[in-house]
Amino acid sequence: MALRLWASSTANALRISVASTAHVSPSYSLSRCFSTVLDGLKYATSHEWVKHEGSVATIGITDHAQDHLGEVVFVDLPESDGSVSQGKSFGAVESVKATSDINSPISGEIVEVNTQLSETPGLINKSPYEEGWMIKVKPSNPSEIESLLGPKEYTKLCEEEDH
């Protein structure tokens, strides 16, 4: 019980979303994913996140995705005057393990690209939700954002994938 209480308070301090582990053996729960899932964001099942503020939505890959990719060594992003379509690829992330497409969780006009990632792709590993954002988009269909997963649903998806 003390271990569970310590883990819960540590997770809260680190802003890690933790699901109930009552049905999981203690040795297994210690090896579970400790990826950060933030409140206030929406998530795609393809592991991208969206933060909608005013008329702009910021998009990046999740902590879970960067953790599974490993050390990111190259990022291919579009130009800032293009557009993206929900579910379609807009770039790629290359890591020491693999290259993966980045799919847009929403449709819209690209208004800004994080050019820092071309020089410092490791920002995605270091800070996937702050410094490692990829593009900013003016959504063309804001209802697409509401169709994405919330933090609890996304946490559940990650746990199911890691089993």
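- Taking CD of Glu146 as the reference point, atom CG of Asn141 lies at 11.0 Å (rounded to 0.5 Å).
- Looking at every heavy atom in both residues, Leu69 comes nearest to Ser100 through CD2-OG, 3.3 Å.
- Within the model, atoms NZ of Lys136 and OG1 of Thr58 stand 4.5 Å from one another, a figure rounded to the nearest 0.5 Å.
- A donor-acceptor contact under 3.5 angstrom links the side chains of His68 and Asp162, judged on distance only.
- More than 12 non-hydrogen atoms from other residues, nucleotides or ligands lie less than 6.0 angstrom from CD of Glu160.
- With a 4.5 Å cut-off on side-chain heavy atoms, Ser147 and Gln86 count as touching.
- Cluster membership for Ile106 and Leu149, using ILVMFWY side-chain heavy atoms within less than 4.5 angstrom, is not shared.
- Nearest heavy atoms, Ser85 versus Ser104: O-CB, 3.7 Å.
- For the pair Val56 and His52, the tightest heavy-atom approach, listed with the atom from each and the gap, is O-CD2, 3.5 Å.
- Sorted by first and then second residue, the ring pair (Phe, Tyr, Trp, His ring centres under 6.0 Å) pairs involving residues 125-151 (not counting sequence neighbours) are Trp49-Tyr129.
- When only modelled atom types and interatomic distance are considered, Glu144 and Ser107 share a side-chain donor-acceptor pair under 3.5 Å.
- Note that CD1 of Ile124 is 12.0 Å distant from CG of Asp63, once rounded to the nearest 0.5 Å.
- Under the 4.5 Å side-chain contact rule for hydrophobic residues, Leu157 and Ile102 do not share a cluster.
- Taken together through direct or relayed side-chain contacts under 4.5 Å among Ile, Leu, Val, Met, Phe, Trp and Tyr, Ile110 and Ile145 form part of one hydrophobic cluster.
- For the residue pair Thr45 / Tyr154, no side-chain donor-acceptor distance below 3.5 Å is found, with atom types taken as modelled.
- Put simply, CG on Asp67 and OG1 on Thr36 are 9.5 Å apart, with the number rounded to the nearest 0.5 Å.
- A distance of 9.5 Å separates OG of Ser140 from CD of Glu109, quoted to the nearest 0.5 Å.
- When side chains are defined from C-beta on, Asn103 does not count as touching Lys88, because their heavy atoms never get closer than 4.5 Å.
- Residue Ile59 comes nearest to Pro105 through the heavy atom pair CG2-CD, 3.8 Å, listed as atom of the first residue, atom of the second, then distance.
- Side chain of Tyr43 to main chain of Val37: no donor-acceptor pair is present (N/O by atom type, distance under 3.5 Å, no hydrogens or angles).
- When the side chains of ILVMFWY residues are joined at heavy-atom separations under 4.5 Å, either directly or via intervening members, Leu41 and Val137 end up in two distinct hydrophobic clusters.
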>> The test is side-chain contact (heavy atoms from CB on, under 4.5 Å); show your working for Ile135 and Val84 and say whether it passes.
In response: CA-CA 10 Å; Ile135 60 174; Val84 292; 4.0 Å; yes
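- Of all the heavy atoms in His64 and Cys158, the pair that sits closest is CG-SG, 3.5 Å.
- Judged purely by atom type and a 3.5 angstrom limit, Asp101 has no side-chain atom pairing as donor or acceptor with the backbone of Phe90.
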>> Working note: Ser80 + Glu112, criterion side-chain contact (heavy atoms from CB on, under 4.5 Å); need CA distance, chi angles, decisive distance, verdict.
In response: CA-CA 5 Å; Ser80 62; Glu112 188 177 348; 5.6 Å; no
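- Closest non-hydrogen pair, Leu117 versus Glu131, comes out as CD2-O, 4.3 Å.
- Separation of atoms CD (Glu94) and OG1 (Thr99) is listed at 4.0 Å; rounding is to 0.5 Å.
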> Is there a side-chain contact (heavy atoms from CB on, under 4.5 Å) between Gln116 and Leu123 once you walk through the steps?
Replying inline: CA-CA 8 Å; Gln116 281 190 295; Leu123 289 173; 4.0 Å; yes
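- Judged purely by atom type and a 3.5 angstrom limit, Glu153 uses its side chain to pair as donor or acceptor with the backbone of Gly150.
- Not a single donor-acceptor pair under 3.5 Å links the side chain of Ser83 to the backbone N or O of Gly108.
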